[in-house]
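Quick notes on the structure that follows.
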There are 4 protein chains.
Amino acid sequence: MSKKTLRIGLIGSGYMGKAHAIAFRSAPAVFELSADIELAMLADISAEQAAAKAAVMGFKRSTGDWRELVNDPDIDVVDICSPNWLHKEMALAAIAAGKHVYSEKPLALNAADARMMTEAAERAGVKTLVGFNYAKNPTVSLAREIIRSGELGDIVHFRGTHNEDYLCDPEAPFSWRLKREFSGSGTLGDMGSHIINMAQYLVGDITDVVADLKTVHKKRPIANAPGEFGEVENDDQVHLLARFANGAQGTLESSRIACGRKNSLWFEVTGTLGTLIYDQERLSELQFYSRKDAGPREGFRRILVGPEHPDYANFCVSAGHGLGYNDQKVVEVRDLVEGLCAERPMWPQFRHAYEVNRVLDAVELSHQERRWVSIEEIA
Amino acid sequence: MSKKTLRIGLIGSGYMGKAHAIAFRSAPAVFELSADIELAMLADISAEQAAAKAAVMGFKRSTGDWRELVNDPDIDVVDICSPNWLHKEMALAAIAAGKHVYSEKPLALNAADARMMTEAAERAGVKTLVGFNYAKNPTVSLAREIIRSGELGDIVHFRGTHNEDYLCDPEAPFSWRLKREFSGSGTLGDMGSHIINMAQYLVGDITDVVADLKTVHKKRPIANAPGEFGEVENDDQVHLLARFANGAQGTLESSRIACGRKNSLWFEVTGTLGTLIYDQERLSELQFYSRKDAGPREGFRRILVGPEHPDYANFCVSAGHGLGYNDQKVVEVRDLVEGLCAERPMWPQFRHAYEVNRVLDAVELSHQERRWVSIEEIA
Amino acid sequence: MSKKTLRIGLIGSGYMGKAHAIAFRSAPAVFELSADIELAMLADISAEQAAAKAAVMGFKRSTGDWRELVNDPDIDVVDICSPNWLHKEMALAAIAAGKHVYSEKPLALNAADARMMTEAAERAGVKTLVGFNYAKNPTVSLAREIIRSGELGDIVHFRGTHNEDYLCDPEAPFSWRLKREFSGSGTLGDMGSHIINMAQYLVGDITDVVADLKTVHKKRPIANAPGEFGEVENDDQVHLLARFANGAQGTLESSRIACGRKNSLWFEVTGTLGTLIYDQERLSELQFYSRKDAGPREGFRRILVGPEHPDYANFCVSAGHGLGYNDQKVVEVRDLVEGLCAERPMWPQFRHAYEVNRVLDAVELSHQERRWVSIEEIA
Amino acid sequence: MSKKTLRIGLIGSGYMGKAHAIAFRSAPAVFELSADIELAMLADISAEQAAAKAAVMGFKRSTGDWRELVNDPDIDVVDICSPNWLHKEMALAAIAAGKHVYSEKPLALNAADARMMTEAAERAGVKTLVGFNYAKNPTVSLAREIIRSGELGDIVHFRGTHNEDYLCDPEAPFSWRLKREFSGSGTLGDMGSHIINMAQYLVGDITDVVADLKTVHKKRPIANAPGEFGEVENDDQVHLLARFANGAQGTLESSRIACGRKNSLWFEVTGTLGTLIYDQERLSELQFYSRKDAGPREGFRRILVGPEHPDYANFCVSAGHGLGYNDQKVVEVRDLVEGLCAERPMWPQFRHAYEVNRVLDAVELSHQERRWVSIEEIA
């Protein structure tokens, strides 16, 4: 009768922090969750900013010191929406404090860190979830359901991209994302991690890769410092061939300079019996070809996601009405709450995110050494 | 410093009631609203159902008697999400109690009722908003902005549809929506009202119509009563030619038996300088052709809605990430709150919804008398 | 063994004349025709132009006087590709000379003329074919096959447009097409005749119409005469509601000022069991929704025309390789040859084109009198 | 005044032979060619078949012995449309006889053969053209024009596929295409050669590749021999990373088992200033994004090919009317005739096709040795 309450401590009020807050607020009305959610505390860069944002976002308390949040006894879940290079320190501190951790992706700047974080969480017995939110879209869940059901037969091919153009302008200013110290790799870790996670989710483990990366724009102007330039230390575009454990082959790409592409997380999965095509820029539809339709009426079916598909009916009872970017986070929050309360297995946990980080490291190694790299080579 | 609090009383927890609740919960985190929102009371068909739904949706109190909600002194806004035939009685009661009213569409079963409701609200000095939510989509706001700016020149043509297939199966059971007493017209009032409102929003007043309606499936089985059928009293599909005050012409259609169409609120607006095309099934994109591009590089531009367009940046800072059906309601709630608190003019008020009802009545009269009807003929 | 030879006399070497010549040349290699085709004579505006064009197009003889061609004993078929106002005189002369007639559309400037031409041909016992070429596209033949087979159930709705933008620029110069004397109606007869023919072909006879026309740009500059303007005497855009003999309803539109639309002959046909959508700008694909697919894998199928569909295999043995505008004329030429030689019934003959002209006249009458008009009213 | 006549000798009347014949017949009416074309002789597998097909296709003479055709003094151009493994012997014989050679692709089963053929032709001073017909589509010519003009800036990325599903059914019967002796590689040489040629045409020389191939269906039933299977000796799918001489990177793929893909020759070319996207299944449109449009009206422009673009006006004077597969061959024939008569440089000659064969060999070597291969390694 009386539900448990999950007390959330969120670190970071930027792009993803706001998306998390919106999701925490709407999830209980979308889904009938097994626990109540309390927006307990927000940590931000300063006490002032944290207080101001907490008021807007609906958090009860706030702090300018994330360690205070992590160690607060009235916090159950630490939600990390800080820049990438801080994930490790914050997650380890939260784990040490016995908190469950919900972290944005990529989990870490490299596989070794991700492994350390994973092992720490597993030793401590806390639960973890990583925000690969695109895999939470009901349309993508439908894709996975079709694949799992065998409707595509044996999967033989995956082609995926995650391309945007946020740095296509060479005059776009220098930032922390362009330095290895703070961001690790470039588009590879930022968007490439999404398409790698998606490939693993839909097709299974990647076992080998060969990759080619490039920093197209090697210098970028420093904002408010006329005539000064920062040196870009990581990749603008990445291309790789992958082999999967089940024998499938694939090509994956990511670019942050793909002029005109705004959120082109795009994939085509081909099996011996059919094919699926998905485009995140039209996130509520899935193209499905089945060899069962072979003959004069065959063709890709444009499926509009609806109440007969996973999770959708909780948002809307009419088909084809369309879900949005933030709705993916609502599903993710549902997975968090149900994973913590109803013992439903969570995915992707730190361990799954570590598998993404292993591929990221293998890709960079392959590029440096110009050779095929087995994921086994990455500890 | 200390914000006003708007106390919401919601009647109805079905399809639209849930959508409103989700929007009330997330709107404050999406927009920085001028008032706090309190989900004060939910009224539903029985005290039990109201209590259960209130717990899930986050309402403080609940009641099985909507009149109690309407007359509660601690309610500022009555939000009517009940079936259509109840809008009138509830709205008049709320107005009599001095409440602001936020009502789902269509406002009333006919123009006379809509006029009475409009005049009552205006006399009482309460504010009103009607849930024509498709007009709140940032992509549609962009369309209006382009039209208003003159980028299309003089508007000469509008073609719009709102087609679904929820009754395409002749075996779909009989319901209240098929009886004039409870629903008024059929697809005309249900979805036709949306496309008429959209045409008025984008092109301006409709002055004359000629229409043709049809009830294709004249009987439908009564659920759980084998062998019994209900007589369908209203239209399955409607087609009309319209003339606009500014000289433009157009065709409008609606169907609830359009096999395969899930939410085909679709329009094309043509001016002397360009054209816009919109499809609600791909609600985050707008096709834009400008004669300024004329020549060998011309073509419709596929604009993905983003932070440079109205309202979008509040949801997401990256372009092309896609908004969903429920996000439209979030914008609508923002309009409600700002209209009540910041004295921003609200649209569409009861009076604007009355103008929709006038066209609906003119359409039915035109069909009955097989002639052009001036909207002026409808009081 | 020894095939008959059809000797073609073509009048006009412009846009359509050239398309006919290309088709006559390639048709025998595409289809195994029942007769050989001889490009016997070309008539054009002057002897010089006729001779020059005949050399390029491959005609044996040429003339500057079309009456010479019509009366030449070594011509079997007179192919009329002249401007619209000349169709009548030329066709009547050809019929009087006992020739079969292949004419471009619209057959005549009004129904009375079309009827006279039809009756003359029928009395003379010559065969006729009219160039409504869009209906010859294998993709459209597939649409008709699906409708005829009953796969859509009873047809309840047709929505069709034929929109282009060739006159969207108000500075586009005055021409014969804009004068009633030479062109009759405007976009109505030019492109509207195509979409009306298509509706009749796919759905059946139109029985009643109500229409609204408009001349948006009332004056246009006269080429090479600075400061002089011609008065536009016919419609820039036309909209109509139609009722069909089988009970279906529909909306049809045509515009020559639809900015950005290049060949938007577009239709959606809805039945009780399914829907087809076609767009001439993507002329090798057909969207097909069948209620047989209803359920979680339903969606419009994008059928790419291929060898399992009508006529396609003659062009290419691989599916999805795409046919073009001129290929439609090749099918039309096949229909001409087989109709003349193999006694295969020809469609559309003058009589079918007369039925188009009747609707065109009804549309104009409806607009003038602002009322529904029965096609029966047009003799 | 009196034009030269080119006397064509065609070998093979199958899929491509027919396409060539159609093109030879219509090209003179589409373009005003510098020479007349005479369909002089057809060679086929037997004298009987050759005679029958010659009658249909319009060839004056025929033979069951291709050597007779090659050595006939009244033949100017030998057009080779035979299966791949015969190209070499036929081309060398034609060159030895002093004929110009027009050959289907791939030119040869390996680079060494292609080189020998190239050198023989160059020594003999005969002209050559190879049928990479997709590059002749006006839409693709437009893409090249845009790239050449600098409108995309520096090209940084190419992604291309050529996927079909003609062997997606594991029960599709065994054929010569599946044996190395007759076909060389599998989808790599068949369709992969098209996308490699396209990449070279649009972006420039490929310098390095790393590739991964797979034969998914290793045995296929032998037609009319129940229970017997042939062993598939070449690739069903191929994936490769490429580096270009100008610094661009890319991924290329080909598959003959891509369920649902009918002619998915698809590419995206990204530069520092813009992007082009092309899909052969919609061969008359090109998506074009330019950073010049950056801002709130930006988006990919859907350009419909028309008379302002290369070659199109010869087919049709109205934009957006759509060209088809066979029209590409008509442009190719124009290039042949003008190359031979008007000394316009021909492309792609044997030497260009040899460059394709080099990449094909490098791809296979890379796969075998699991390493990056420089094209320089292939003689």
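In what follows, chains carry the letters A, B, and so on, assigned in the order in which the sequence lines appear, proteins first and then strands, with residues in each chain numbered from 1. The basis for the numbers below is simple: all heavy atoms, side chains too, and nothing from hydrogens, waters or symmetry mates.
- Your options are L33(A), N326(A), D165(A), L265(A), and the one with the most heavy-atom pairs under 4.5 Å with chain B is N326(A).
- Comparing A55(A), S264(A), G58(A), P28(A) by how many heavy-atom pairs each has under 4.5 Å with chain B, the most go to P28(A).
- When each of G260(B), A29(B), G306(B), A27(B) is checked for heavy-atom pairs under 4.5 Å with chain A, A29(B) comes out on top.
- Contact of the E164(A) side chain with the H321(B) side chain is registered, since non-hydrogen atoms from C-beta on lie closer than 4.5 Å.
- With a threshold of 4.5 angstrom between heavy atoms, Y134(B) approaches chain A through side-chain atoms but not through N, CA, C or O.
- Residues S26(A) and I22(B) come closest through the heavy atom pair CB-CG2, 3.9 Å.
- Highest contact tally toward chain B, considering only Q280(A), E281(A), M57(A), is held by E281(A) [criterion: heavy-atom pairs under 4.5 Å].
- For S284(B), no part lies near chain A; criterion is any non-hydrogen pair under 4.5 Å.
- One finds no salt bridge joining E285(B) and K262(A) here, because no Lys/Arg side-chain nitrogen approaches an Asp/Glu carboxylate oxygen to under 4.0 Å.
- In terms of heavy atoms, V317(A) sits closest to Y15(B) at CG2-CD1, 3.5 Å.
- Closest heavy-atom contact between K18(A) and V30(B): NZ-O, 2.8 Å.
- Under the 3.5 Å distance criterion, the side-chain polar atoms of R25(A) are matched with a main-chain donor or acceptor of R25(B).
- The parts of A319(B) that come within reach of chain A are both its backbone and its side chain, each placing non-hydrogen atoms under 4.5 angstrom from that chain.
- Using a 4.5 Å cut-off between heavy atoms, R302(B) contacts chain A through its side chain alone, with no backbone atom that close.
- In this structure, the portion of L304(B) lying under 4.5 Å from any heavy atom of chain A is its side chain and not its backbone.
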